[in-house]
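Taking it in order: structure first as structure tokens, then the write-up.
Numbers here are sequence positions counted from 1. Predicted, not measured: the structure shown is a model, and the values here were computed from it.
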Amino acid sequence: MRFRSRLRDAMLLTTIMAGVAAPGMAMASPQDDEIRELRREMAEMRRDMLGEIGQLRARVARAEGAARTGVRTAHAPAPQEVRHAQARPQPQPWTGPLPTIGEPQGAGPHRPRSDADSRLAALEGSIASWEEFKAATSKDESVHIGGMRIGFPSGRPTISSDDGAYSFSVGLLAQEDIGGFLGAGPRAGEGNGNFNKLTENARRLRLYFTWRYKDWVANITPDFGSSSVDGSVGLFEANLNYTGLRNTTLTVGYFQPRMEEESAERSGAFEFLERPTIVDLVRNIAGGVARFSVGGEHYEKRWLAAAYFTGQKFGDRSKDTTITDSQTGGMVRVAGRPYVSKDIDVHVGAGATSAFKVNQNANGRTYTFSDNAEIPLGETSLLTSGALTNVAQIWAAGPQLAFRWQRFLLKGEYYHIGVQRGHTTGASPLPSLGFDGWYVAANYTLFGKPRIYNSKIAAFTTPGVEYDFDPLHNHWGALELNGRWSVTDLSDVAGQGGTGIDGDQQTVWQGGVNWYPTPHVKFMLDYDHFIVSRSKGVSGGVNLFGRTGNVLAGRVQAAF
């Protein structure tokens with residue numbers, strides 16, 4: 001094939017030269033020395049090219065003969081053999097479906113994806129620098145129109161200038177849940193609460209709009225499923241980022257600073273439908289979705305460090321118009337990878353967060369810890385600390401540990417929460433409070449590529465899908481099994497939430513299975529058994545004697 005290509009090129013060049021020379025000869029004057037010199041040079045070039053063509057023909061003949069006999073030979077084949085070799089049919093170009101984005105053109109439909117391309121689209125992953133963006137888009141199929149490039153890197157529709165300096169892209173994360181509660185009915189004398197036997201919920205419906213000018217990146221992401229209650233609309237993020245420093249992203253605006261390994265995995269990559277309760281409570285002290293943030297993070301292959309100063313959440317003052325002094329706080333995270341090999345990954349980290357002051361409204365500075373049973377179907381939250389009054393400061397800190405061995409992943413986090421109370425003149429001082437929570441989770445990938453460590457976010461990614469779901473070719477995507485034990489204790493002193501109102505404790509046992517037919521689609525099924533101790537702090541008398549129950553819920557997810 002290489003010889004034939006060179007032969008065709010040489011013959012084409014000869015034809016072009018002859019065509020160019022002929023008009024020139026017809027128009028040239030015999031007395032023009034420059035024209036004569038040009039004619040002489042072109043004649044010499046033609047003789048040289050004809051010689052080259054002869055050599056190439058001989059080399060093609062030798063190669064074809066060796067291919068037929070399996071023996072190297074220096075003898076040229078007969079002319080009819082050369083004609084036969086030249087007439088052999090050429091491989092036809094691929095006319096089937098286009099290869100996966102990022103694969104070389106001409107690849108068949110069943111070419112395995114690279115490890116990076118096989119993972120679920122990380123819409124909330126670390127922001128690429130300009131150099132990384134140019135490198136990523138250079139390998140993707142794209143259409144060039146008047147200095148613009150239109151393509152689908154990682155499945156996201158992207159319009160950019162040819163040099164990648166300017167770009168605009170749109171992404172999607174859509175999560176639809178369906179499920180219900182079993183055996184969660186009230187005891188005699190309790191309120192029913194909201195525990196549907198079968199219901200549906202749009203959990204996250206996010207559109208990611210990203211504008212880039214070189215290393216400056218602006219993100220705006222509305223969320224049409226921003227709560228555990230279907231129908232809530234809000235903002236996920238609106239921020240400006242700078243990525244011009246090596247392996248560093250600096251951010252200002254409404255953002256979700258992440259101090260926990262579970263949150264760092266991103267919501268589209270969770271093993272279960274939702275985070276463990278303790279992680280949800282801790283992240284919302286001074287972080288959480290759409291929190292005003294100023295800070296950044298830096299990563300290397302073996303470690304990551306992040307720090308942010310934070311303020312109020314988007315919409316706080318519209319939800320409570322009596323706020324007269326907004327919250328301020330901060331968070332830090334450090335994580336390392338002390339040991340890594342082909343089969344083993346060890347993750348060690350720690351996170352800390354603090355609300356230096358919480359929002360002050362008509363009721364003073366109050367704060368309530370509360371959460372559902374880790375299944376977001378709009379149910380009544382049974383876990384509560386009660387309404388804590390005269391809060392001066394809230395902080396939390398704890399370690400993160402994870403261990404992967406081949407296809408098995410084990411991880412856990414522990415956090416202690418401290419609540420410091422203010423002192424009101426003439427009143428008895430309120431006691432400071434301490435709460436605790438932890439979880440342990442196990443994951444095993446049955447088929448597909450196992451979860452691996454992503455040093456850019458210091459967390460584990462989803463399983464990898466080498467081939468899209470295609471049972472006719474024995475391709476089934478990726479499948480993983482999960483288990484988790486989660487405990488959160490918000491009980492410290494009697495009457496902490498007011499007279500007769502104590503905090504309570506929640507224990508959740510979960511099992512689940514996740515199937516990834518492609519890197520963009522995910523199906524989840526979770527079973528949840530919860531045990532919650534009693535507390536009068538739950539409105540409507542729903543948890544006067546403690547509640548237990550079961551939940552079965554599934555999720556359909558698309559991410560681009």
Side-chain angles (χ1 to χ4, degrees), residues 184 186-187 189-191 193-195 228 260 262 274-286 288 351-355 358 363-375 379-399 412-422 428-440 484-510 528-549 551:
R187 293 182 171 87
E190 285 185 326
N194 184 8
F195 299 97
S228 60
E260 317 87 14
E262 184 78 16
E274 290 302 317
R275 305 170 182 86
T277 292
I278 187 58
V279 171
D280 236 6
L281 297 180
V282 165
R283 76 186 186 95
N284 280 298
I285 292 174
T353 184
S354 177
V358 299
N363 298 319
R365 298 189 189 275
T366 64
Y367 196 93
T368 301
F369 289 96
S370 182
D371 199 33
N372 57 38
E374 302 180 7
I375 295 288
E379 72 277 15
T380 301
S381 293
L382 298 173
L383 179 67
T384 183
S385 64
L388 308 179
T389 59
N390 205 13
V391 175
Q393 184 181 17
I394 305 175
W395 62 271
E413 297 179 69
Y414 164 85
Y415 292 100
H416 177 80
I417 301 173
V419 181
Q420 297 178 0
R421 317 287 282 274
S428 300
L430 296 173
S432 295
L433 305 172
F435 307 133
D436 298 280
W438 62 89
Y439 76 90
V440 177
R484 188 167 72 194
W485 170 46
S486 168
V487 178
T488 306
D489 187 355
L490 298 181
S491 176
D492 189 5
V493 300
Q496 65 187 31
T499 304
I501 298 178
D502 301 334
D504 54 3
Q505 176 179 299
Q506 175 175 285
T507 300
V508 179
W509 296 89
Q510 281 186 283
D528 181 321
H529 176 70
F530 60 87
I531 306 167
V532 187
S533 63
R534 63 184 181 179
S535 173
K536 295 180 181 180
V538 182
S539 61
V542 173
N543 191 26
L544 299 178
F545 308 112
R547 296 284 281 263
T548 63
V551 195

Over all atoms of both residues, closest heavy-atom pair of [X] and [Y]:
X: A286; Y: S354; result: CB-O, 3.4 Å
X: N372; Y: E379; result: CB-OE2, 2.9 Å
X: F435; Y: D492; result: CE2-CB, 3.9 Å
X: V493; Y: P431; result: CG2-CG, 4.1 Å
X: R421; Y: T389; result: NE-O, 3.0 Å

- W438 vs W485 aromatic rings, parallel, tilted or perpendicular, using cut-offs 30° and 60°? perpendicular

Could you tell me whether the side chain of [X] and the main chain of [Y] form a donor-acceptor pair under 3.5 Å?
X: H416; Y: G434; result: no
X: S370; Y: T384; result: no
X: E413; Y: G437; result: no
X: T380; Y: N194; result: yes
X: T366; Y: L388; result: no
X: N390; Y: G422; result: yes
X: N543; Y: S533; result: yes
X: S535; Y: D502; result: yes
X: E190; Y: F545; result: yes
X: R547; Y: A184; result: yes

- Answer yes if the side chains of E374 and S486 hold a donor-acceptor pair under 3.5 Å, and no otherwise.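 Yes.
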
- Query: If you measure only the distance, is there a donor-acceptor pair under 3.5 Å linking the side chains of S385 and Q496?
  - Reply: no

- Does the side chain of E260 come within less than 4.5 Å of V282's, by heavy atoms? yes

- Query: Are Y367 and I394 close enough that some pair of their side-chain heavy atoms sits under 4.5 Å apart?
  - Reply: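 SC-SC contact between Y367 and I394 confirmed.
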
Out of curiosity, [X] [atom1] to [Y] [atom2], how far, rounded to the nearest 0.5 Å?
X: L544; Y: K536; atom1: CG; atom2: NZ; value: 7.5 Å
X: W395; Y: I285; atom1: CH2; atom2: CD1; value: 9.5 Å
X: Q506; Y: L382; atom1: CD; atom2: CG; value: 7.0 Å
X: R484; Y: D528; atom1: CZ; atom2: CG; value: 8.5 Å

- Determine, step by step, whether Q505 and T488 satisfy the side chain to side chain donor-acceptor pair (under 3.5 Å) criterion, reporting the C-alpha distance in whole Å, the side-chain angles of both residues, the deciding distance to 0.1 Å, and the verdict. CA-CA 6 Å; Q505 176 179 299; T488 306; over 6 Å; no

- Message: Holding to side-chain contact (heavy atoms from CB on, under 4.5 Å), I want the full list of residues that pass it with R275, two or more places apart in sequence or in another chain.
- Response: R204, Q256, E262, S263, F270, V279, D280, R283

- Query: Given F369, which of L383, T277, L281 fulfils the side-chain contact (heavy atoms from CB on, under 4.5 Å) condition?
  - Reply: L281

- Item | Verdict with supporting geometry, Y414 and D436, side chain to side chain contact (heavy atoms under 4.5 Å, CB included) | CA-CA 8 Å; Y414 164 85; D436 298 280; 2.4 Å; yes

- Task: Please lay out, stage by stage, how Q420 and L433 fare under the test side chain to side chain contact (heavy atoms under 4.5 Å, CB included).
- Result: CA-CA 7 Å; Q420 297 178 0; L433 305 172; over 6 Å; no

